[in-house]
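So the structure is just underneath, and the comments pick up after that.
Nothing here was measured: the structure is a model prediction, and the numbers come from that model.
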Amino acid sequence: MKYNPHEIEEKWQRRWEEEKTFKASEDSQREKYYLLEMFPYPSGKIHIGHVRNYTIGDVVARYKRMKGFNVLHPMGWDAFGMPAENAAIERGIHPALWTRDNIAHMRGQLKRMGFSYDWDRELATCEPEYYRWEQLFFLWMYEKGLAYKKGSLVNWCAQCRTVLANEQVEAGCCWRCSREVEQKFLDQWFYRITDYVEELLAWCDQLPDWPERVLTMQKNWIGKSIGCEVAFPLFDQPGEIKVFTTRQDTICGATFMLVAAEHPLVLELVAGKSCAGEVRNFAERIKKQDRLLRTSDSYEKEGIFLEAYCKNPLTGGKIPIFAANFVLADYGTGCVMAVPTHDQRDFDFARKYSLPLIVVIDRPGEPLDEAAMTEAYTEEGILVNSGPFNGLPSTEALEVIADYLASNGLGRKTIQYRLRDWGISRQRYWGTPIPIIYCDRCGAVPVPQQDLPVELPLDVDITGEGGSPLARHRAFFEVSCPKCAKPARRETDTMDTFVESSWYFARFCSPDFNDIPGLDRKRIDYWMPVDQYIGGIEHAILHLLYSRFYTKMLRDFGVMGADEPFRRLLTQGMVCKETMSCPTHGYLFPEEVAGDACSHCQETVIIGKNEKMSKSLKNVVDPDYLIDQYGADTARLFCLFTAPPEKDLEWSDQGVEGSYRFLNRVWRITIDYLEDVTGIEAHRGQAPLEGDLRVLRRKTHQTIRKVTSDIEERFHFNTAISAVMELVNALYQLPRPAKEDRIALSVVREAIETVIIMMAPFVPHMTEELWAALCGGKPLTDISWPDYDPDIAAVDEITIVLQINGKVRSRLEVPADADEESIKKRAALDDRLNRHLEGKRVVKQIYVPGKLLNLVVRD
RNA sequence: GCCGAAGUGGCGGAAUUGGUAGACGCGCUAGGUUCAGGGUCUAGUGGGCGUACGCCUGUCCGGGUUCAAAUCCCGGCUUCGGCACCA
């Protein structure tokens, strides 16, 4: 009987589906386990990188089920994603129907891999009901001031009529049409995530099972800095300039003031002065240049004097005000006090425009001299030239000066964050409509709850020419005001799709619950938080931060009990492969390459570096090809065995062969023994065994121990699989027992059953088939994960390493329970050891129980 | 520039608390299989020296701590990721 993966896989996939094998039940008495992948639904065809994501989740789900957990494992969610419009047009379906269609489309391919999803849940996120609740949450937030509208400066491409994210701007031009990007003031909706900034930051230290680097990224993104807001009064005129600084200890060294070029204050200050025209030109130039400059490596510091002065609040000194290109309008107050002696940027600026330098923090032991300085001194030191604060260490001065400023009404301690409120407005068709109506009389009026959901119209033209199709759709936006019934206009912006992905995990818990608020508190309390979330590092900041914010907000609305959405997080690595390209045809798919030549033009193919698999680079491996060639089990095994999940995986064709070979080995040894072990029970209990059988049985139990802990504690499937490989090797090594040797065959049977059960989460189809052949009865999915017997797994002979000065010189086989005395006695008789001891004396002996004996010797 | 992670054979990777470096797999070499090929089985496989017992050396580089370092500390190099004129 040959291993025929295709036949087996089709058979079991059909059975699992018919019997709804993987459905979670809410009334189960078992402990719950909620497992979710971080929206990995691809908007096109799935490639092997996706398969890796799903496989990791699937293995965990199958393992946890065998461990007796009630597992909720719905499929992740990316069907609303960005490329949906294009992909929908390509596939000839209306974008509004895209999500549902896409999920159906993907299921075929996903089921072929044997993934054990609870397939009936995720459709809940493509129903109008999903919009209804999302819009309800919006209205609640609007009521509480957590959703608000404000004008903001955006990158705007006039050609595409779209707002561009910073990363969509290439050298100041639109990534799609290469037209120069404009700065435009646009009214946009925001969610006030900054209200939760302290809680989001604090909980970063209470998520022990999240990867360190994700938390670090989130902390950096939030970017908290503690400092002072200080007012610098204007000289010879009323008013003041507020600055934010974290270095209030250097305030006496502030010799000039910098204002962001685009700051409104700039034009106010120069109004009516002779320099006004020049300054205006400067500001215009910087506004445009700024974006361009960001992409170049060296930023030339530029500024222009505004013919205005302000007063240093501590020294009273008269300091000039400049507009500068390197000050950010949207951080802090948009104005910076410049301390050239202790800030490198200010130093460069002062040198360029010949501005005065005053040292206020002196280097201990080696005093600074303004004239001789070649760079700013940014370290700690002792205050000088600072009046009453002279002699204070700078670290203490931070506090003292902050208190002084506060008590004298010159400033106050403040905290600045890098994190901005979350702009959710999108000028796209695809997304949840924002439920607001604008009326000339009543202003912005929320859509009444009973009118929800505001649905997307189906009769729009998707022209692909940019701009929101909704803004061109009169029937959609021409409405009457809910308050006064006069003609009014509906908001045509839709929500960022990140809003939808910020609570889908909660909707999955109660997909059919359509009473207010669309989330069944009872079931939410049972399943949430997600016990294990798995996904790519690319969502480390935005999606995960937004989901955390949303969870806290819904908690404060009383919808959810959890403080955090995801208890444990695994960020798995990417699958990489080298790119191939040809001078004429650009990037090539693997099947477009024959040997080392392009199959279109026969030119030699250029092999590029290893990069993340993506459609645009065409360095993808099609899982269908793998399944056709080797079967889904081999594809799964390869993804798991080659690298631990959090590492990037470099694709290799040869590795796949190895996985296939191993599965064949498992298949052959099982079939080979099948007849002999039929009717024989697997070995149980403690009955003593000798020789090879004892060794095999020990290996069996050691394997259970190893595989269990590798999956349980670390998700290190690669080492778990290698442990099973060792057990299979041991089975092959065992001399074939006689047919009537029932004891030997029972030990063999136990080993074979163990191999099959241990492999079940990884290669479910083949193991089901072998299990059915071997045991019949209950399918493997209903078998519980075995425990190992520590006594049987324990070795009875151990190797003690004999070292001299830490170098291994010999080894000693001793009984596991040998005591220190007897080991030392035997070591003294060891020839190899004694050869190294000639002419030396032992000054110390270090004995590590069960491990080694180290002799420290001198000449 | 700042923050973070990583660096181990020809390759992917093991080594869970400082205690046998290189598990397992790929590749390669040799041999068996009535041996065309493939498959499969067995053995070998970090480097150097040696007929051999064996010896030396070895986890990016340089120091250090320790009886003992891939692992801890200091300095440097390289790669990757994040943030970036953040006051």
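For B:G4, the base has no donor-acceptor partner in the side chain of A:Glu212 [N/O atoms by modelled type, under 3.5 angstrom]. Residue side chain A:Lys301 reaches the base of B:C85 through a donor-acceptor N/O pair under 3.5 Å, judged by distance alone.
The distance from atom CE of A:Met337 to atom P of B:C86 is 14 Å, rounded to the nearest whole Å. The distance from atom CG of A:Leu640 to atom P of B:C26 is 17 Å, rounded to the nearest whole Å. Nucleotide B:C83 holds its C1' atom 6 Å from the CG atom of A:Asn220, rounded to whole Å. Between the CG atom of A:Asp330 and the P atom of B:A84 there is a distance of 11 Å, rounded to whole Å. In this structure, A:Glu229 places its CD atom 15 Å from P of B:A87, rounding to the nearest Å. Across the protein-nucleic acid pair, A:Gln803 atom CD and B:U20 atom C1' stand 8 Å apart, rounded to whole Å. When the C1' atom of B:G25 is taken as reference, atom CE of A:Met759 falls 13 Å away, rounded to whole Å. Here B:C2 presents its C1' atom at 13 Å from CZ of A:Arg418, a figure rounded to the nearest Å.
Taking a pair to require two hydrogen-bonding distances under 3.5 Å in either a Watson-Crick or a G-U wobble arrangement, B:U40 pairs with B:G32. The partner of B:U59 cannot be assigned: no Watson-Crick or G-U wobble pair with both contacts below 3.5 Å exists in any strand. Base-pair partner of B:C72: B:G64 (Watson-Crick or G-U wobble, both distances under 3.5 Å). Remark: B:A21 base-pairs with no nucleotide; criterion is Watson-Crick or G-U wobble with both hydrogen-bond distances under 3.5 Å. Across all strands shown, B:U45 is found opposite B:G27 as a Watson-Crick or G-U wobble partner, with both distances under 3.5 Å. Base pairing of B:C80: its partner is B:G4, meeting the Watson-Crick or G-U wobble criterion (both donor-acceptor distances under 3.5 Å).
Looking at heavy-atom distances under 4.0 Å, A:Gly658 makes contact with sugar-phosphate atoms alone, never a base. If you check every strand for non-hydrogen atoms under 4.0 Å, A:Lys219 touches nothing. Heavy atoms of A:His342 sit nowhere under 4.0 angstrom from any nucleic acid atom. Contact annotation for A:Val848: base contact, defined as any heavy-atom pair under 4.0 Å involving a base atom.
B:A14 and B:A23 are spaced 5 Å apart, taking the C1' atom of each and rounding to whole Å. When the P atom is used for both B:G25 and B:G44, the distance is 13 Å, rounded to whole Å. With both ends at atom P, the span from B:G10 to B:C3 equals 35 Å, rounded to whole Å. Rounded to whole Å, the separation between the P atoms of B:G75 and B:C2 comes to 13 Å. Spacing between B:A70 and B:U16 at atom C1', rounded to whole Å, works out to 15 Å. Nucleotides B:C28 and B:G76 are separated by 37 Å at their C1' atoms, to the nearest Å. Atom C1' of B:U71 sits at a distance of 11 Å from the matching atom of B:U17, rounded to the whole Å. Only the P atoms considered, B:U29 is 15 Å distant from B:G47, to the nearest whole Å.
With sequence neighbours left out, A:Tyr630 forms a ring pair (Phe, Tyr, Trp, His ring centres under 6.0 Å) with A:Tyr660. Listed by chain and residue number, A:Ser225, A:Phe244, A:Tyr331 satisfy the side-chain contact (heavy atoms from CB on, under 4.5 Å) test with A:Gln416 (two or more places apart in sequence, or in another chain). By the side-chain contact (heavy atoms from CB on, under 4.5 Å) test, A:Leu357 pairs with A:Pro340, A:Thr341, A:Phe347, A:Ala350, A:Arg351, A:Glu370, sequence neighbours left out.
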Across nucleotides 36-42 of chain B, 5' to 3', mark each nucleotide with B, S or - according to how protein heavy atoms within less than 4.0 Å reach it.
----SSS
Treat primed atoms plus P, OP1 and OP2 as sugar-phosphate and everything else as base, then score nucleotides 9-18 of chain B 5' to 3': B for base contact with protein heavy atoms under 4.0 Å, S for sugar-phosphate contact only, - for none.
---BSSSB--
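Aromatic ring centroids of A:Phe641 and A:Phe662 lie 6.0 Å or more apart.
The glycosidic torsion of B:G62 lies more than 90° away from 0, placing the base in the anti range.
At a threshold of 4.5 Å between non-hydrogen side-chain atoms, the residues A:Leu855 and A:Leu833 count as touching.
Between B:A87, B:G54, B:A23, one nucleotide has an atom nearer to the side chain of A:Arg832 than all others, and that is B:G54. You'll find that the side chain of A:Val801 is closest to B:U20, out of B:A87, B:U20, B:G19. Side-chain proximity of A:Leu852 to the nucleotides B:G19, B:C86, B:G81 is greatest for B:G19. Comparing atom distances between the A:Val336 side chain and each of B:G19, B:A87, B:C67 picks out B:A87 as nearest. Side-chain proximity of A:Val856 to the nucleotides B:C67, B:G4, B:U20 is greatest for B:C67.
Of all non-hydrogen atoms in A:Val266 and A:Ala260, the two that sit nearest each other are CG2-O, 3.3 Å.
Within the cation-pi definition used here (under 6.0 Å to the ring centroid, within 45° of the axis), A:Lys301 does not qualify as a partner of A:Phe349. Both tests pass for A:Arg736 against the ring of A:Tyr673: distance under 6.0 Å to the centre and angle within 45° of the axis.
In this model, the phosphate group of B:G54 is not approached by any side-chain N or O of A:Arg809 to a distance below 4.0 Å at OP1 or OP2.
Residue pairs meeting the salt bridge (Lys or Arg N to Asp or Glu O under 4.0 Å) criterion with at least one member in residues 330-339 of chain A, sequence neighbours excluded: A:Asp330-A:Arg420.
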Does A:Ile319 form a side-chain contact (heavy atoms from CB on, under 4.5 Å) with A:Met337? I'd like the steps, not just the answer.
CA-CA 10 Å; A:Ile319 63 181; A:Met337 67 170 203; over 6 Å; no
For a side-chain contact (heavy atoms from CB on, under 4.5 Å) check, start with the C-alpha distance between A:Phe762 and A:Ile721, then their side-chain angles and the critical distance, and finish with the verdict.
CA-CA 9 Å; A:Phe762 308 127; A:Ile721 292 165; 3.9 Å; yes
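Here the options are A:Thr245, A:Thr250, A:Asp249, the test is side chain to side chain donor-acceptor pair (under 3.5 Å), and the partner is A:Arg247; only A:Asp249 passes.
The residues A:Asp710 and A:Arg714 are annotated as salt-bridged, a charged nitrogen and a carboxylate oxygen being separated by less than 4.0 angstrom.
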